[in-house]
> 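Quick one: this structure, given as structure tokens, is what I'll be asking you about.
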Amino acid sequence: VAKPGQAYVEYIKVSKDYPDDRHRKDAAVSAVVIAQRMVADLGKMPADSLRGTEIGDAEQKLIDAVDNYLAYFPDGEEADVFLMNAGAVYYNHGMYEEARQYYRRLVTDFPLGLRRAAAYRYIMNSYFAEGNFVEAENVAQEIHSVGVDPELLADARTRQAEATFLPLL
């Protein structure tokens with residue numbers, strides 16, 4: 001795409017206004033893909049270097065494109081991937097409350113999805129990063145109760161132990 005900014009705007013417009021759902025969905029997906037490429041074109045920066053910085057224009061376009069897709073196709077086959085992508089933008093910037101909204105939606109709306117374990121991990125780690133050890137432990141207990149996967153259960157046990165002992169230091 002020679003002019004990704006213009007293509008993005010057109011795809012968003014078609015996804016909202018076109019009468020045929022199939023074309024609307026294709027346009028909504030294309031808007032997300034173009035926004036992802038715009039973010040990728042900025043270069044690979046370590047996620048830690050983004051923490052505390054503002055969300056850039058390309059990242060905001062990605063979030064807006066994901067929100068647009070989810071508004072029209074909340075159960076669409078790409079929804080769980082897009083929820084992870086939007087959550088990651090906020091998570092990488094240290095905007096954990098906003099990130100958790102996307103991750104919680106993924107856990108709730110796609111309880112059998114392949115990305116559920118990753119979403120739980122980000123939710124738990126976001127509380128931990130904020131120093132909210134009580135909520136980190138609550139999420140770890142939730143992970144134990146739903147039994148997501150063995151690796152995540154091990155991480156949850158570690159976070160539970162850390163959440164119990166770190167406040168004492």
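For this chain, numbers begin at 1 and follow the sequence in order. These numbers come from a predicted model, not from an experiment.
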> Evaluate the side-chain hydrogen bond (donor to acceptor under 3.5 Å, both in side chains) criterion for residues Y120 and E142: first the C-alpha distance (whole Å), next the side-chain angles of each, then the deciding distance (0.1 Å), finally the verdict.
CA-CA 9 Å; Y120 264 125; E142 184 179 339; 2.9 Å; yes

> In chain order, what residues pass the salt bridge (charged side-chain N to carboxylate O under 4.0 Å, His left out) check against D64, with sequence neighbours excluded?
none

> Name every donor-acceptor pair, under 3.5 Å, that has one atom in a side chain of residues 77-87 and the other anywhere in the protein, sequence neighbours excluded.
{"unit_1": "E78", "atom_1": "OE1", "unit_2": "Y69", "atom_2": "OH", "d": "2.5"}
{"unit_1": "D80", "atom_1": "OD2", "unit_2": "R115", "atom_2": "NH1", "d": "3.1"}

> Could you work out, with salt bridge (charged side-chain N to carboxylate O under 4.0 Å, His left out) as the rule, every residue matching D57, not counting sequence neighbours?
K61

> Roughly how far, to the nearest 0.5 Å, is the NZ atom of K3 from the CD1 atom of I34?
13.5 Å

> Measure the spacing between OG of S30 and NE2 of H23 and express it to the nearest 0.5 Å.
11.0 Å

> Not counting sequence neighbours, which residues clear side-chain hydrogen bond (donor to acceptor under 3.5 Å, both in side chains) with D41? List them please.
none

> Start with the C-alpha distance between Y11 and D26, add both sets of side-chain angles, then the distance that settles side-chain contact (heavy atoms from CB on, under 4.5 Å), and finish with yes or no.
CA-CA 9 Å; Y11 280 129; D26 289 345; over 6 Å; no

> By side-chain hydrogen bond (donor to acceptor under 3.5 Å, both in side chains), which residues pair with D67, not counting sequence neighbours?
Y102

> Could you state the interatomic distance from CE (M124) to OG (S126), rounded to the nearest 0.5 Å?
9.5 Å

> Holding to ring pair (Phe, Tyr, Trp, His ring centres under 6.0 Å), I want the full list of residues that pass it with Y91, two or more places apart in sequence or in another chain.
Y96, Y122

> Could I get the full list of side chain to side chain contact (heavy atoms under 4.5 Å, CB included) partners for E135, not counting sequence neighbours?
Y127, N132, N138

> Test question: given the 4.5 Å side-chain rule for I, L, V, M, F, W and Y, name all other residues clustered with Y18, or answer none.
V14

> What's the separation between atom CD1 in I63 and atom CG in N68, rounded to the nearest 0.5 Å?
13.5 Å

> How far apart are the closest heavy atoms of P4 and M38, and which atoms are they?
CB-CG, 4.1 Å

> Looking at every heavy atom in both A119 and L106, which two are closest together, and how far apart are they?
CB-CD2, 4.0 Å

> Considering residues at least two apart in sequence or located in another chain, which fulfil the salt bridge (charged side-chain N to carboxylate O under 4.0 Å, His left out) criterion with E130?
R100

> Please list, chain by chain and in numerical order, all residues satisfying salt bridge (charged side-chain N to carboxylate O under 4.0 Å, His left out) with D21, sequence neighbours excluded.
R24

> Which heavy atom of A27 sits nearest to which heavy atom of S15, and what is that distance?
CB-N, 3.8 Å

> Identify the heavy atoms of A88 and Y103 that sit nearest to each other, and give their distance.
N-OH, 3.1 Å

> When rounded to the nearest 0.5 angstrom, what distance separates CD1 in I143 from CZ in R116?
9.5 Å

> With salt bridge (charged side-chain N to carboxylate O under 4.0 Å, His left out) as the criterion, how do E98 and R104 come out once you've worked through the C-alpha distance, each side chain's angles and the decisive distance to 0.1 Å?
CA-CA 10 Å; E98 293 85 350; R104 274 284 174 206; over 6 Å; no

> Applying side chain to side chain contact (heavy atoms under 4.5 Å, CB included), can you list everything that pairs with V39, at least two apart in sequence or on another chain?
A58, E59, L62

> Not counting sequence neighbours, which residues clear side chain to side chain contact (heavy atoms under 4.5 Å, CB included) with D109? List them please.
R105

